[in-house]
2 protein chains.
Amino acid sequence: MAKKASAKSTAPSVCCGSVAEVPLDETAAEALATAFAALADPARLRLLSLIGSAEGGEVCGCDLVEPIGRSQPTVSHHLKILFEAGLVAKEKRGVWVWYRVVPDRFGELRAALA
Amino acid sequence: MAKKASAKSTAPSVCCGSVAEVPLDETAAEALATAFAALADPARLRLLSLIGSAEGGEVCGCDLVEPIGRSQPTVSHHLKILFEAGLVAKEKRGVWVWYRVVPDRFGELRAALA
DNA sequence: CGAAGACATCGACACTTGTCAATGTCTTGT
DNA sequence: ACAAGACATTGACAAGTGTCGATGTCTTCG
């Protein structure tokens with residue numbers, strides 16, 4: 001069995017369809033809302049932009065604390081939220097954790113804004 | 001001077017560019033975060049889907065309270081947030097206020113998720 | 001083993017947010 | 001003028017969120 005390369009996020013999976021489709025039911029609305037809530041914070045958006053614009057497509061967590069200007073526990077907390085929202089993937093390599101964005105997830109959210 | 005047909009929203013205008021571009025500065029991140037925060041609530045997403053999927057493209061506010069299952073002041077509050085985020089436009093006609101979505105604004109946010 | 005360093009977790013706190021009941025403001029029809 | 005109805009505003013409260021310092025867990029290197 002192949003070694004698992006990266007942990008699985010707990011993204012609620014927004015499924016298909018735009019917001020302007022058949023009136024969203026409460027459950028679907030909650031899932032989508034959780035996803036957008038992950039984007040509703042300046043620190044997290046800056047983390048995403050740092051990770052997404054990195055060459056090689058990935059960044060070591062240790063390089064994310066200083067540019068954000070927030071404490072290490074706070075950055076760790078935000079990265080956890082981004083991960084659980086399925087927006088970033090992480091992979092532990094040695095002492096470090098490497099992050100990269102998950103384009104498919106962004107595609108889902110973009111589709112919801114059709 | 002022509003009579004103003006609809007009120008102007010106070011949308012922060014996200015400007016161009018994806019999140020994965022040159023590391024977002026704090027100010028830009030805050031503006032974007034505010035926009036996404038408007039989408040980060042189930043009630044508001046359902047309001048958007050109700051408005052967006054309405055025939056004629058617009059809905060009377062009076063038809064939005066019951067489907068959402070929340071009190072009239074609460075719905076009024078959410079509509080105000082959507083309006084200030086530039087996601088919906090409103091127009092008062094007689095006793096009623098008619099809402100419609102603002103596609104351009106959705107385009108901006110979609111572009112930010114490129 | 002022991003020290004160092006990268007992350008994660010915990011506890012606490014200020015601040016924000018969603019919600020409702022009560023009340024206010026306008027417009028329309030009688 | 002008055003009553004009715006559509007929205008908006010206010011005040012209050014519970015729940016959620018961002019932040020930090022302190023501390024815990026793991027991995028690597030002497």
Side-chain angles (χ1 to χ4, degrees), chain A residues 3 6-7 9-10 12 26 29-48 50-51 58-85 87-100, chain B residues 3 6-7 9-10 26 29-30 32-48 50-51 58-85 87-100:
Chain A
K3 178 157 155 287
S6 64
S9 84
T10 61
E26 188 71 26
E30 276 174 17
L32 239 191
T34 303
F36 283 123
L39 294 170
D41 181 273
R44 288 195 288 271
L45 287 175
R46 294 186 63 202
L47 283 171
L48 284 173
L50 280 173
I51 300 173
E58 47 183 16
V59 188
C60 171
C62 62
D63 290 328
L64 291 174
V65 174
E66 184 267 331
I68 296 299
R70 257 147 256 201
S71 74
Q72 177 268 321
T74 296
V75 171
S76 179
H77 170 239
H78 285 309
L79 287 169
K80 182 179 185 178
I81 290 180
L82 289 174
F83 173 72
E84 289 176 343
L87 292 165
V88 302
K90 60 179 170 182
E91 183 180 352
K92 181 161 189 177
R93 289 207 286 265
V95 205
W96 303 284
V97 179
W98 292 79
Y99 292 90
R100 62 182 183 283
Chain B
K3 177 156 157 290
S6 63
S9 85
T10 60
E26 187 72 27
E30 277 174 16
L32 239 191
T34 303
F36 283 123
L39 295 170
D41 181 272
R44 287 195 289 271
L45 287 175
R46 295 186 62 202
L47 282 171
L48 283 174
L50 280 173
I51 300 173
E58 47 183 16
V59 188
C60 171
C62 61
D63 290 329
L64 290 174
V65 173
E66 184 267 332
I68 295 298
R70 258 148 260 206
S71 73
Q72 177 268 322
T74 295
V75 171
S76 178
H77 170 239
H78 285 309
L79 287 170
K80 183 179 185 178
I81 290 180
L82 289 175
F83 173 72
E84 288 175 344
L87 292 165
V88 303
K90 60 179 171 181
E91 183 179 354
K92 181 159 189 178
R93 290 210 284 265
V95 204
W96 304 285
V97 179
W98 292 80
Y99 292 91
R100 61 181 183 284

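Proteins come first, then strands; the chains are lettered A, B, ... in the order of their sequence lines, and each starts at number 1. Since the model is a prediction, treat every value here as computed from it, not as a measurement.
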| query | Taking B:Arg93 for the side chain and B:Cys60 for the main chain, is one N or O donor matched with an acceptor at less than 3.5 Å? | reply | no
A side-chain contact here means heavy atoms from C-beta on lying under 4.5 Å apart; do [X] and [Y] qualify?
X       : Y        : answer
A:Ile81 : A:Phe83  : no
B:Leu50 : B:Val59  : no
A:Val75 : A:Leu79  : yes
B:Glu58 : B:Lys90  : no
A:Val88 : A:Arg100 : no
B:Leu48 : B:Leu39  : yes

Check the distance between [N]'s [atom2] and [X]'s [atom1] and give it to me in whole angstrom.
X       : N     : atom1 : atom2 : result
B:Trp96 : D:dA8 : CH2   : C1'   : 18 Å
B:Glu91 : D:dC7 : CD    : P     : 13 Å
B:Leu79 : D:dA6 : CG    : P     : 15 Å
A:Phe83 : C:dC7 : CZ    : P     : 15 Å
A:Glu66 : C:dA6 : CD    : P     : 13 Å

| said: How would you summarise protein contacts on nucleotides 9-24 of chain C per nucleotide, using B for base, S for sugar-phosphate only and - for none, with heavy-atom distances below 4.0 Å? | reply: B--------SBBBB--
| note | Expected string for nucleotides 25-30 of chain C under the B/S/- scheme (protein heavy atoms, under 4.0 Å, primed atoms plus P, OP1, OP2 as sugar-phosphate) is ---S--
Which atom pairs, donor and acceptor, lie under 3.5 Å between side-chain atoms of residues 64-74 of chain A and protein residues at least two apart or in another chain?
unit_1, atom_1, unit_2, atom_2, d
A:Arg70, NH2, B:Glu26, OE1, 3.1
A:Arg70, NH2, B:Glu26, OE2, 2.9
A:Ser71, OG, A:Thr74, N, 3.3
A:Ser71, OG, A:Thr74, OG1, 2.9

